[in-house]
Amino acid sequence: MKRIIPVILLLISLSGCYNSGEPRERVLKIYNWADYIGDSVLEDFQAYYKEQTGEDIRIVYQTFDINEIMLTKIEKGHEDFDVVCPSEYIIERMLKKHLLLPIDTNFAHSPNYIKNVAPFIREQIDKLSQPGELASRYAVCYMWGTAGILYNRAYVPDSDALSWDCLWNKKYVGKILMKDSYRDAYGTAIIYAHAKDLEEGKVTVEELMNDYSPAGMELVEKYLKALKPNIAGWEADFGKEMMTKNKAYLNMTWSGDAIWAIEEANAVGVDLDYAVPKEGSNIWYDGWVIPKYAKNPKAASYFINFMCRPDIAIRNMDYCGYVSSIATPEIMEEKIDTTLDYYADLSYFFGPGADSIQIDKIQYPDRKVVERCAMIRDFGDQTKEVLDIWSRIKGDNLGVGITILIFVVVGLMSGWMIYKRWQHYSRQKQQRHRSRRKNKRVRK
């Protein structure tokens, strides 16, 4: 603790606020995940905004890598970001705390592209609603995907990867990577612990992943402790590279990361694939919201609308590997790949006529996959207890209390510091993305 306090004081002394002196209605402050928006999309939005309103807009773009840091900056620091992109459980938490403004869909000259969001996605977002606050009025889904198993087919049979059992299998000890995500780990463990009950229809994936009872948490800790000896590392981003270099054989990861890894691996002759285990998994959603302390909600609403335009959605998908919430005929046509040797039922997403199409099964999971997945909701008052479990599993030397204190301090830091920290990292990844797009096979 004596070593931590000086660091905390230093961070506080370096923190600051953005204040350019220009009229705030001419500035749009965006807070987003790193590497989550296509090349030149921001510049194109500026042109779109000028065309629609006759006004110039300058963009201040900052990135975050932890939902809770973003939330703390808004809730405690009252940072005046105009539009941010939290995950579904943070959207739910922000609604509970009345930290969001409704999105204005009355645009002067522009069509309402927000209507392009798939009804299926809108229904999922509306599960986050609070009394008097319909979630889809406050949040528009940006990207969505699944959690599953990225695996090396030279060492892991397809049948093994189709069950969470592979993570607990001793034959893969030291060759398994897990996302450093307490929510995904919790969901994975409790699903695996009830595999037989799920098979017999005694319980649903949604009920399990949102079971924060003392008995449920005790069971999760037991299974995660049994899993830990098999784990080579808890990763936030390096898992993709480890898999492409044959240093790990299994990686519990997210669908977008899996797509990136598979394409990179193909270029060096490594055969990777991705599966959502038969027991079920997490299906997640990231969405655009306008925080309570926003100073330019008008530009924020226009930005959210612009991001729902089909051509922009395609560019963002091609850049980051995840799948947009937008479900228009243009996107379906763009994503159909007649070279694939399998078909999928996407009628739940694109509507009638999409019940048997050739489309990437990782980006767009088949109806049967979606039906065995569910959204992990906000842990609410049990968040601390779940974090305590996570701390014990990982063997962190810091207690949860100190960890939360550090989160709060870091959350109060200037967005400029976070931006500078990620700037070099983002440039490197953008170079890899450009290289990946050059090598990407033609899909028509």
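Keep in mind that the numbers below use all heavy atoms, side chains included, and drop hydrogens, waters and symmetry copies.
Salt-bridge formation is not detected for the pair E133/R137: no Lys NZ or Arg NE/NH1/NH2 atom is positioned less than 4.0 Å from an Asp or Glu carboxylate oxygen. Look at K222 and E218 and you find no salt bridge, because none of the NZ, NE, NH1 or NH2 atoms lies under 4.0 Å from a carboxylate O. Salt-bridge annotation for R392 and D388: absent, with no side-chain N of the basic residue lying under 4.0 Å from a carboxylate O of the acidic one. A salt bridge links D318 to K335: one of the charged nitrogens lies within less than 4.0 Å of a carboxylate oxygen. Residues D355 and R367 are not paired through a salt bridge, judged by the lack of any N-O separation under 4.0 Å between the basic side chain and the carboxylate. The pair R183-E88 counts as a salt bridge, with a side-chain nitrogen and a carboxylate oxygen less than 4.0 angstrom apart.
Here the side chains of D378 and T383 are in contact, with some heavy-atom distance below 4.5 Å. The closest side-chain heavy-atom distance from T146 to N282 is not below 4.5 Å. Within the 4.5 Å cutoff, no side-chain heavy atoms of D366 are placed close to those of K361. By the 4.5 Å heavy-atom criterion applied to side chains, W390 and D180 are counted as neighbours. Inter-residue side-chain proximity for V205 and I191 is flagged as met; some heavy-atom pair is nearer than 4.5 Å. The side-chain heavy atoms of K368 and D345, taken from C-beta on, include no pair separated by under 4.5 Å. Annotation: side chain of V140 is in contact with side chain of V117 (closest heavy-atom distance under 4.5 Å). Between L71 and L99 the shortest side-chain heavy-atom distance falls below 4.5 Å.
S255 and Q363 are not linked by any side-chain donor-acceptor pair at a separation below 3.5 angstrom, with hydrogens and angles left out of the test. Between the side chains of Y186 and D184, no donor N or O sits under 3.5 Å from an acceptor N or O. Residues T253 and Y274 bring no donor and acceptor atom of their side chains to less than 3.5 Å of each other. Residues N230 and Y172 have side chains that never bring a donor and an acceptor to within less than 3.5 angstrom of each other.
Scanning both residues, P86 and N67, for their nearest heavy atoms gives CA-OD1, 3.6 Å. What you find for N316 and M143 is that their closest heavy atoms are CB-CE, 3.6 Å. Residues F64 and C85 approach most closely at CZ-O, 3.6 Å, considering heavy atoms. Shortest non-hydrogen contact noted between M243 and N152 is CE-N, 3.9 Å. Nearest approach of P277 to G148, heavy atoms of both residues: CD-CA, 4.1 Å. Considering all non-hydrogen atoms of both residues, S324 and A313 come closest at OG-CB, 3.5 Å.
Checked by atom type and distance alone, the side chain of T72 pairs as donor or acceptor with a backbone atom of E68 at under 3.5 Å. Checked by atom type and distance alone, the side chain of N266 never pairs as donor or acceptor with a backbone atom of E263 at under 3.5 Å. In this structure, K228 contributes its side chain and I393 its backbone to a donor-acceptor pair below 3.5 Å. S281 places no side-chain N or O within donor-acceptor distance of the main-chain N or O of C373, the cut-off being under 3.5 Å. Side chain of R377 to main chain of K127: a donor-acceptor pair is present (N/O by atom type, distance under 3.5 Å, no hydrogens or angles). Checked by atom type and distance alone, the side chain of Q130 never pairs as donor or acceptor with a backbone atom of L95 at under 3.5 Å. Between the H78 side chain and the I74 main chain, no donor and acceptor come within less than 3.5 Å of each other. Without hydrogens or angle criteria, T188 side chain to A185 main chain gives no donor-acceptor distance under 3.5 Å. With hydrogens and angles ignored, the 3.5 Å screen pairs no side-chain donor or acceptor of K240 with any backbone N or O of A258.
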Practice problem: Would you sort out whether T63 and N32 count as a side-chain hydrogen bond (donor to acceptor under 3.5 Å, both in side chains), showing the intermediate values? | Solution: CA-CA 5 Å; T63 60; N32 192 16; over 6 Å; no
Practice problem: Could you check D360 against D337 for side-chain contact (heavy atoms from CB on, under 4.5 Å), going step by step and ending with a plain yes or no? | Solution: CA-CA 7 Å; D360 191 308; D337 181 359; over 6 Å; no
Practice problem: Report the C-alpha distance between H194 and E279 in whole Å, list the side-chain angles of each, state the deciding distance to 0.1 Å, and finish with yes or no for side-chain hydrogen bond (donor to acceptor under 3.5 Å, both in side chains). | Solution: CA-CA 9 Å; H194 290 88; E279 296 91 353; over 6 Å; no
Practice problem: Take E206 and T204, measure what side-chain hydrogen bond (donor to acceptor under 3.5 Å, both in side chains) needs, and give me the verdict at the end. | Solution: CA-CA 5 Å; E206 185 170 16; T204 67; 5.5 Å; no
Exercise. Just do the side-chain contact (heavy atoms from CB on, under 4.5 Å) check on L42 and Y61 with the steps written out, would you?
Key: CA-CA 9 Å; L42 295 178; Y61 189 83; 3.6 Å; yes
Quiz item: Going through the distances and angles, do L272 and R153 end up as a side-chain contact (heavy atoms from CB on, under 4.5 Å)?
Solution: CA-CA 6 Å; L272 301 182; R153 299 186 73 196; over 6 Å; no
Self-check item: Criterion side-chain hydrogen bond (donor to acceptor under 3.5 Å, both in side chains) on D286 and S87, from CA distance to verdict
Solution: CA-CA 4 Å; D286 291 340; S87 299; 2.8 Å; yes
Quiz prompt | Chi angles and distances behind the side-chain contact (heavy atoms from CB on, under 4.5 Å) call for V268, K245 | solution = CA-CA 9 Å; V268 295; K245 292 183 177 179; over 6 Å; no
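To the nearest 0.5 angstrom, E264 atom CD is 7.0 Å from T244 atom OG1. Atom SG in C320 sits 10.0 Å away from atom CG in D257 (nearest 0.5 Å). Taken to the nearest 0.5 Å, the NZ atom of K115 stands 15.0 Å off from the OG1 atom of T328. If you take CD on E207 and CG on L198, they are separated by 9.5 Å, rounding to the nearest 0.5 Å. Rounded to the nearest 0.5 angstrom, Q382 CD and D211 CG are separated by 10.0 Å. Here the CH2 atom belonging to W164 is positioned 13.0 Å from the NZ atom belonging to K278, to the nearest 0.5 angstrom.
Y343 OH: 12 or fewer foreign heavy atoms inside a 6.0 Å radius. Other residues, nucleotides and ligands place more than 12 heavy atoms under 6.0 Å from the NZ atom of K170. The environment of NZ in K96 is crowded: more than 12 heavy-atom neighbours from other residues, nucleotides or ligands sit within 6.0 Å.
Aromatic ring pairs are classed by plane angle as parallel below 30°, tilted from 30° to 60° and perpendicular above 60°; the pair Y31 and F81 is parallel.
Ring centroids of F350 and Y364 are separated by less than 6.0 Å, placing the two rings close together. Aromatic ring centres of F45 and F303 lie closer together than 6.0 Å. Between Y285 and Y89, the distance separating the two ring centers is not shorter than 6.0 angstrom.
Each of D158, D271, N251, D160 was scored for a side-chain hydrogen bond (donor to acceptor under 3.5 Å, both in side chains) with Y151, with one residue passing: D158. Tested against W144, the residues F349, W284, W254, Y322 include a single ring-ring contact (aromatic ring centres under 6.0 Å, His included) partner, F349.
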